[in-house]
Engineer: 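Sharing a structure, written as structure tokens. Questions coming.
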Amino acid sequence: MRFSLTSTTTGLKKQALFLVVVVLAVYSRAVFGTVVSIDDVGIMKFYGSQGLRLTDALTPGQGYYYRPVIALSFYLDHLLFGQNPIILHLENILIHAANAVLVLLLGRRLLPESTRWAPLVAALLFAVHPVNSEAVSWIAGRTDPLAASFVLLACISLLKGMETGRMRHTVASIALLVAGVMTKETAIVFVPASLLLIALWRRLHPGRHVEAVRMQARVLVACYLLMGVLISAVLLSRTAGENSLAKLLIANIKSPAASLLLGGEVFGFYVKKMFLPWPLSFAIVDLSAWYLVAAVAGVLFCLFARRSYPTVTMLCIGALFLLPAVAVGVFDVAWTVAAERYLYIPSAFFAIGLTGYAAGALQLRERLALIAVFCCIAAAGFATWHRTGVWGSNIALFEDSIATSPTVGMLHHELAIAYAKAGRYAEAAKELEVASSLNISEMLKRMIRKDRLLVRLQGVPPEEKRRLINLHGWNLVKQDKDLLEILRANDYLIVPKLGPGPEKAALISELVTVSEALFALTGDPILLYNNGQLLLESGDRGGARASFVRCATAAPRDAYYVKAALKLAAALEER
């Protein structure tokens, strides 16, 4: 069986262009997708905050992860495009299109020349596979496609280094690996994957650049050992605290038997998803024990299937990239036990391996096989196109997620928020009731209590609105910016309706207290200026002067109200 030493250029440009067009067509609806309330909103708020510097975005935070490359991409999105959601979604789609082309290039290098259509079929399968729709349609899902870009480029660069015998390509592969790890930690799986690729290349091309390949292998191992030392040093430096490695791995650890059983279920879930991705879901919190059957079937297939070096190697590399996803489920690191986006990198290698295996088995019926394969790809493409529509709004996404995971309180809470923003308050109240009846955390209970209040405030008179907020309890209200702003705006509506007397004085006193609490949270000096005006109206000249002085001290020198505050403070002092 003959294998190509390089990625041949015959028809390459046309095939690459065809792939890009297919991806753009399948994901066309995702361009106008929603900003998902889970993670997307937080990303846009953080990277869109005033005064955020590049060093702030790239400096390690207090969380589990350090991903400066993905942070840089979101920082540049804000700097260059103002976080336009259309641009953010389009970038994800273009990254996916580029990855499909990289799968094509990798397949051309690894699959036999006799299976001439296999690389394109593999790239198409990867491009339209419904399981990848989450990583592409979700703005926050960019981590996996961007990490995949570096992993695939590292694979191609490593193979080119062995093909040419030039060390610079191997060094480039290591650099790409580092960039991948700085995008998402799971890219580190390229370390064992690269050793499998070297072993594969030696089998396919024995006697070619033997010494150069050995030297490249030694350089790779030396660099990997150095990376291991550096990573170990970083992990050991974070052995204490809320987000330490020990807390990450030990907090929810199960017994060995339970861990092994759950690991098998998670692995089987991902194996099944590659062949039968439905039902698709954003929230996968429970797995059936039947997934163990898929796990055993996958292992048996690798052990007893007809041997073909490239296809088996690609399947093994795909399985290796599943291991971090299995660990996430076993150690209970994420809010879901499994996630479709974790299949993004493995699916690239599975697509090459499975397509190569099928092409080799069906060579005698090539025309019939191609028709069947392209029918399957067309069906998968339509399913992905339909799935991107679900990501078009938070309501559609969370309704779909609840249909498959009805016991997750967080999903009902997010759907309630989406309903409330759409003005569907009755449905929002119902979802909040459902969420509060489920097994949820204390933090979520507090959030639901506040959101229930916000729903009840819709359409009620100002006096009733004030009563409901005060019933919520001042200790809670004074810590909540949203409630303080609502109460402050509401009190300003009531004050002009009241004549002089104790009731108006009490309301002004409440307004001053509310504005002080809001100033403590936001640091906005205009609140102090407004307090000075209120106190002056109520006859408290000393309090008014103090507020004007504090305002002038806290405000920027060029603020439009500073001169007025200083003038009023001086006038009150003279009297």
Engineer: With sequence neighbours excluded, tell me which residues meet salt bridge (Lys or Arg N to Asp or Glu O under 4.0 Å) with D400.
Structural biologist: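 Counting only residues at least two positions away or on another chain, D400 forms a salt bridge (Lys or Arg N to Asp or Glu O under 4.0 Å) with R387.
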Engineer: Check the angle between the aromatic planes of F126 and H96 and answer parallel, tilted or perpendicular using the 30° and 60° thresholds.
Structural biologist: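 Ring orientation, 0 to 90° scale: tilted.
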Engineer: Using a strict threshold of under 4.0 Å (side-chain N to carboxylate O), is an ion pair present between K445 and E442?
Structural biologist: yes
Engineer: Establish, yes or no, whether a centroid distance under 6.0 Å links the rings of Y357 and F301.
Structural biologist: yes
Engineer: Under a 4.5 Å cut-off applied to non-hydrogen side-chain atoms, are V271 and Y291 in contact?
Structural biologist: no
Engineer: Tell me every residue that passes side chain to side chain donor-acceptor pair (under 3.5 Å) with R446, counting only those two or more places apart in sequence or in another chain.
Structural biologist: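 Not a single residue meets the side chain to side chain donor-acceptor pair (under 3.5 Å) criterion with R446.
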Engineer: Of the non-hydrogen atoms in L158 and S173, which two are nearest, and what is the gap between them?
Structural biologist: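 Shortest heavy-atom separation between L158 and S173 comes out as CB-OG, 3.7 Å.
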Engineer: Under the rule for salt bridge (Lys or Arg N to Asp or Glu O under 4.0 Å), what residues qualify as partners of D39, not counting sequence neighbours?
Structural biologist: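 Not a single residue meets the salt bridge (Lys or Arg N to Asp or Glu O under 4.0 Å) criterion with D39.
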Engineer: Cut-off 3.5 Å, no hydrogens considered: what does the side-chain donor-acceptor table look like for residues 187-199, sequence neighbours left out?
Structural biologist:
{"unit_1": "S194", "atom_1": "OG", "unit_2": "F190", "atom_2": "O", "d": "3.2"}
{"unit_1": "S194", "atom_1": "OG", "unit_2": "V191", "atom_2": "O", "d": "2.7"}
{"unit_1": "S194", "atom_1": "OG", "unit_2": "Y224", "atom_2": "OH", "d": "2.7"}

Engineer: Should the heavy atoms of other residues, nucleotides or ligands under 6.0 Å from CH2 of W290 be counted, would the total exceed 12?
Structural biologist: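 Check fails, neighbour count at 12 or below.
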Engineer: Please identify each residue that fulfils salt bridge (Lys or Arg N to Asp or Glu O under 4.0 Å) with D482, with sequence neighbours left out.
Structural biologist: K450
Engineer: Sequence neighbours excluded and cut-off under 3.5 Å, please list the side-chain donor-acceptor pairs for residues 23-36, or say none.
Structural biologist:
{"unit_1": "S28", "atom_1": "OG", "unit_2": "A25", "atom_2": "O", "d": "3.0"}
{"unit_1": "R29", "atom_1": "NH1", "unit_2": "W385", "atom_2": "O", "d": "3.2"}
{"unit_1": "T34", "atom_1": "OG1", "unit_2": "N394", "atom_2": "ND2", "d": "3.4"}

Engineer: Could you pull out the closest heavy-atom pair between L152 and A348, with the gap in Å?
Structural biologist: CD2-CB, 4.2 Å
Engineer: If I compare all heavy atoms of L176 with all of S157, which pair ends up nearest, and what's the gap?
Structural biologist: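 Minimum heavy-atom contact is CD1-CB, 4.2 Å.
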Engineer: Holding to side chain to side chain donor-acceptor pair (under 3.5 Å), I want the full list of residues that pass it with H89, two or more places apart in sequence or in another chain.
Structural biologist: none
Engineer: What pairs meet the salt bridge (Lys or Arg N to Asp or Glu O under 4.0 Å) rule with one or both residues in residues 67-95, with sequence neighbours excluded?
Structural biologist: R67-E185, D77-R142, E91-R142
Engineer: Only pairs at least two apart or in different chains count here, so list each salt bridge (Lys or Arg N to Asp or Glu O under 4.0 Å) that has a residue in residues 270-299.
Structural biologist: K273-E340
Engineer: Just checking F46: does its CZ atom have more than 12 heavy atoms from other residues, nucleotides or ligands closer to it than 6.0 angstrom?
Structural biologist: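 Above 12, so yes.
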Engineer: Name the atoms and distances for all side-chain donor-acceptor pairs under 3.5 Å in residues 409-421, with sequence neighbours left out.
Structural biologist:
{"unit_1": "H412", "atom_1": "ND1", "unit_2": "E431", "atom_2": "OE1", "d": "2.7"}
{"unit_1": "H412", "atom_1": "NE2", "unit_2": "P406", "atom_2": "O", "d": "2.8"}
{"unit_1": "H413", "atom_1": "NE2", "unit_2": "D451", "atom_2": "OD2", "d": "2.4"}
{"unit_1": "E414", "atom_1": "OE1", "unit_2": "S37", "atom_2": "OG", "d": "2.6"}
{"unit_1": "Y419", "atom_1": "OH", "unit_2": "E399", "atom_2": "OE2", "d": "2.5"}

Engineer: Identify, with sequence neighbours excluded, every residue that meets side chain to side chain donor-acceptor pair (under 3.5 Å) alongside Q83.
Structural biologist: none
Engineer: What residues form a salt bridge (Lys or Arg N to Asp or Glu O under 4.0 Å) with E265, not counting sequence neighbours?
Structural biologist: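 With sequence neighbours excluded, E265 shows a salt bridge (Lys or Arg N to Asp or Glu O under 4.0 Å) to no residue whatsoever.
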